[in-house]
2 protein chains.
Amino acid sequence: MGTHLHHPTLKKNQQLVQDVLLASSSPLSAYSILDVLRDQGFRAPLQVYRALDKLVEFGLVHKLESLNAFVACSHEECELDEPAAFMICETCEGVSELNDSKLTGYLGKLASKENFTLKHTTVELHGLCSNCE
Amino acid sequence: MGTHLHHPTLKKNQQLVQDVLLASSSPLSAYSILDVLRDQGFRAPLQVYRALDKLVEFGLVHKLESLNAFVACSHEECELDEPAAFMICETCEGVSELNDSKLTGYLGKLASKENFTLKHTTVELHGLCSNCE
DNA sequence: TGAAAAATGTAATGTTATTACATGTCATTT
DNA sequence: AAATGACATGTAATAACATTACATTTTTCA
Ligand SMILES: [Zn+2]
Ligand SMILES: [Zn+2]
Ligand SMILES: [Zn+2]
Ligand SMILES: [Zn+2]
């Protein structure tokens with residue numbers, strides 16, 4: 001396990017975005033979040049993107065690159081411990097976040113074998129979850 | 001190794017797009033490809049996206065989800081053998097494609113442990129290549 | 001309190017990707 | 001050869017995703 005850093009108290013917009021993501025059973029695009037938050041006064045995409053940037057920085061939210069969408073972290077917070085992988089169901093759109101140290105370790109090995117300095121990994125597995133099979 | 005399927009002869013637009021990607025040292029967005037091909041008569045994004053769809057289907061081109069960009073396959077063609085991972089240098093934008101069966105195998109294991117039916121994997125490692133370190 | 005840093009509001013713009021519909025090309029069948 | 005059907009192409013319009021620029025407000029902290 002890596003060092004656990006406390007994130008600062010969330011600002012108003014950050015908290016609103018975080019609440020929307022926590023309430024969702026599947027990843028949401030920035031524009032979907034915007035639509036939900038129009039009632040709370042959101043008017044422009046940048047309000048969402050700025051909040052998301054911070055939440056991702058704090059490790060409270062992850063971006064799924066293959067979906068252009070965002071999910072709340074399934075754990076307390078990933079912080080410096082990057083999530084290892086996401087399993088994404090094509091049918092129900094459910095996502096489960098895996099923190100598998102063996103996978104992380106192996107990706108690190110692959111990188112060092114080529115003298116590649118690893119900064120960030122994206123691992124997204126698409127398929128069908130056990131329910132949807 | 002999986003079954004080797006022959007892809008059909010490339011059509012004109014497919015070949016043009018493939019040639020642009022083969023000549024590039026780094027991944028290209030669909031719109032960058034379009035710009036290059038304006039001289040050859042390309043006018044609209046869809047001409048590029050349609051060609052890319054086919055090339056990806058044939059295993060001759062891969063999409064890098066974290067960059068919204070496309071690269072020519074480094075091997076003859078990946079066909080049904082999905083590439084295992086890409087290492088992407090943040091500095092020179094160079095990409096190297098890894099076909100690592102141990103990684104593929106481990107991702108499969110992770111999935112089956114959760115009764116997840118794996119259809120497609122996205123593994124993209126960001127960092128610095130040995131040259132740029 | 002006063003200055004600096006961070007967050008927010010808003011508009012405009014840039015980038016990536018798809019839908020819709022018309023036309024063209026080529027192999028197969030009659 | 002004409003008719004058919006499958007696939008490829010041309011073009012315009014629009015949708016979806018994301019950033020730049022600039023003004024203002026709030027928070028932090030010396
Ligand atoms: Zn997490
Ligand atoms: Zn499912
Ligand atoms: Zn390949
Ligand atoms: Zn490099």
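Sequence lines set the chain letters: A, B, ... in the order given, protein chains first and strands last, and positions in each chain run from 1.
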With hydrophobic residues grouped by side-chain heavy-atom distances under 4.5 Å, do A:L118 and A:L103 end up in a single group?
yes
On DNA chain C, more 5' by nearest nucleotide between B:L46 and A:R50 is A:R50
Winner on side-chain proximity to B:A44, out of D:dA8, C:dA11, D:dT11, is D:dT11
Let's go through B:E124 and B:S66 carefully: what are the C-alpha distance in whole Å and the side-chain angles of both, what is the deciding distance for side-chain hydrogen bond (donor to acceptor under 3.5 Å, both in side chains) to 0.1 Å, and is it a yes or a no? CA-CA 7 Å; B:E124 300 174 10; B:S66 58; 2.3 Å; yes
Within residues 86-94 of chain B, the residues having a heavy atom closer than 4.0 Å to DNA chain D are none
note: A:F42, atom CZ; C:dA7, atom P; distance rounded to Å ~ 14 Å
Among the nucleotides C:dA7, D:dA18, C:dT10, whichever has the atom closest to the side chain of A:K11 is C:dA7
To the nearest angstrom, the CG-P distance between B:D53 and C:dT18 comes to 7 Å
Rounded to whole Å, the CG-P distance (A:L16 to C:dA7) equals 15 Å
Note to self: Measuring only between side-chain heavy atoms, which start at C-beta, is B:F70 closer than 4.5 Å to B:S29?
What the structure shows: no
Practice item. Would you tell me if any nitrogen or oxygen in the side chain of A:Q47 comes within less than 4.0 Å of OP1 or OP2 on C:dT8? Key: no
Winner on side-chain proximity to B:Y49, out of D:dA21, D:dT28, C:dT18, is C:dT18
Notebook entry, point to check: Just checking, any donor-acceptor pair under 3.5 angstrom between side chains of A:T121 and B:H126?
Noted result: no
Notebook entry, point to check: Do any side-chain nitrogens or oxygens of B:N68 fall under 4.0 Å of OP1 or OP2 in C:dA17?
Noted result: yes
When rounded to the nearest 0.5 Å, the distance separating CE of B:M87 from CG of A:L107 is 11.0 Å
Q: Look only at the side chain of B:Q40 and the backbone of B:L37, and say whether a donor-acceptor pair between them is shorter than 3.5 Å.
A: no
So, with a heavy-atom separation below 4.0 Å from DNA chain D, the residues of residues 26-33 of chain A are A:S29, A:Y31
